[in-house]
Amino acid sequence: DVKVTQSSRYLVKRTGEKVFLECVQDMDHENMFWYRQDPGLGLRLIYFSYDVKMKEKGDIPEGYSVSREKKERFSLILESASTNQTSMYLCASSWGAGDYGYTFGSGTRLTVV
Amino acid sequence: SQKIEQNSEALNIQEGKTATLTCNYTNYSPAYLQWYRQDPGRGPVFLLLIRENEKEKRKERLKVTFDTTLKQSLFHITASQPADSATYLCAGGSQGNLIFGKGTKLSVKP
């Protein structure tokens, strides 16, 4: 069964901490994505990557960075966590350049206190 | 700005009936639309994709349509069951990334 694995289901961090969210996929997908999901706002794209070492800003990149050193791994970094970054974070991957469904991970519920 | 709108936040139906969910797109023309199911606390799961040159697509009890004149997709679940209760997300894509709607929460009562 193909998978996108996010390293933590629940995470609690303090304001100002540097936070790493890890995502690994085993499907040899080129594309990987990081979203956050908040009630009433839906899924919002933070960053995405179409290839190793490539990264592109999504709709809400402020306060975040990403790293993709290997094809299967896409990391989201919160440089200095703030309470407004409390959210559900979802990683996804997909084939190629277009009309393929995304495979999502189970999500990481991050609380910043 | 480009938008995917799912006008119903929630839909309640009786078991055995057909559920119909609506997705409208504005300010762009997606080449394809996708539908996902999301259960509470979990990531979305891909269900179906329909391209702009396809009017209808089916998968088991699911049917999706794509009407480029109305700028709309309809998602149907026939013979609905309580296990179909979930949030359903519509997403539209073209050459770039998917734009997601906020979802419709479907509740199927026994």
Side-chain angles (χ1 to χ4, degrees), chain A residues 1-10 21 23-25 27 29-50 54-61 87-111, chain B residues 1-10 21 23-54 57 59 62 64 66 73 75 86-105:
Chain A
D1 199 15
V2 293
K3 273 189 180 172
V4 174
T5 303
Q6 294 185 230
S7 52
S8 305
R9 287 299 312 278
Y10 300 95
L21 302 183
C23 175
V24 177
Q25 50 98 359
M27 295 162 283
H29 283 169
E30 289 90 350
N31 306 329
M32 296 189 76
F33 309 86
W34 274 107
Y35 289 88
R36 65 177 282 178
Q37 187 174 34
D38 301 287
L41 296 177
L43 282 162
R44 293 183 291 168
L45 182 62
I46 304 171
Y47 267 96
F48 60 100
S49 169
Y50 287 152
M54 264 198 59
K55 59 185 178 184
E56 298 285 344
K57 292 180 180 179
D59 299 319
I60 52 162
S87 187
M88 169 70 105
Y89 289 87
L90 289 160
C91 176
S93 70
S94 76
W95 291 110
D99 56 351
Y100 296 97
Y102 288 11
T103 302
F104 281 86
S106 294
T108 296
R109 171 87 49 195
L110 173 68
T111 303
Chain B
S1 61
Q2 299 173 346
K3 280 187 183 176
I4 293 283
E5 292 172 313
Q6 295 181 252
N7 294 331
S8 298
E9 282 192 23
L21 284 64
C23 171
N24 294 286
Y25 55 90
T26 55
N27 298 325
Y28 81 125
S29 296
Y32 49 88
L33 291 164
Q34 301 184 8
W35 285 87
Y36 292 78
R37 170 185 172 137
Q38 187 174 24
D39 291 290
R42 313 298 295 187
V45 174
F46 172 72
L47 296 174
L48 277 170
L49 178 150
I50 184 167
R51 296 178 179 83
E52 60 181 341
N53 61 350
E54 297 172 320
K57 192 168 261 190
K59 179 182 175 183
L62 308 179
V64 63
F66 196 157
S73 174
F75 177 81
T87 296
Y88 291 86
L89 304 175
C90 174
S94 201
Q95 294 177 336
N97 303 316
L98 285 178
I99 297 173
F100 282 86
K102 294 179 183 177
T104 295
K105 185 174 181 180

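Values below: every heavy atom of this structure, side chains too, minus hydrogens, waters and symmetry copies.
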Spell out, as yes or no, whether a donor-acceptor pair under 3.5 Å connects the side chain of A/Y102 to the backbone of B/P44.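 Checked: no pair found.
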What part of B/E9 gets within 4.5 angstrom of chain A, counting heavy atoms only: side chain, backbone, both, or neither? neither
Let me know if B/L48 has heavy atoms under 4.5 Å from chain A in its side chain, its backbone, both or neither. neither
More than 12 heavy atoms of other residues, nucleotides or ligands under 6.0 Å from CZ of A/R109: yes or no?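 Atom CZ in A/R109 is not packed in, count stays at 12 or less.
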With a cut-off of 6.0 Å (strictly less than), are more than 12 heavy atoms of other residues, nucleotides or ligands near NZ of A/K55?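 Atom NZ in A/K55 is not packed in, count stays at 12 or less.
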Which heavy atom of [X] sits nearest a heavy atom of [Y], and at what distance?
{"X": "A/L90", "Y": "B/Q38", "answer": "CD1-NE2, 4.1 Å"}
{"X": "B/R42", "Y": "A/S106", "answer": "NH2-OG, 3.3 Å"}
{"X": "A/Y100", "Y": "B/L49", "answer": "N-CD1, 4.2 Å"}

Side chain from CB out, backbone as N, CA, C, O: work out which of these in A/E56 comes under 4.5 Å of a heavy atom of chain B, or both, or neither.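 For A/E56, no heavy atom lies under 4.5 Å from chain B.
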Engaged part of A/R44 at the chain B interface, taking heavy atoms whose separation is under 4.5 Å: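 For A/R44, neither part sits under 4.5 Å from chain B.
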From A/L43 CG over to B/I4 CD1, what is the distance, rounded to the nearest 0.5 angstrom? 12.5 Å
Output the distance between atom CZ (B/F100) and atom OH (A/Y35), rounded to the nearest 0.5 Å. 4.5 Å
Pick whichever of A/Q6, A/M88, A/R9 has the most heavy-atom pairs under 4.5 Å with chain B.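 Of the options given, most contacts go to A/R9.
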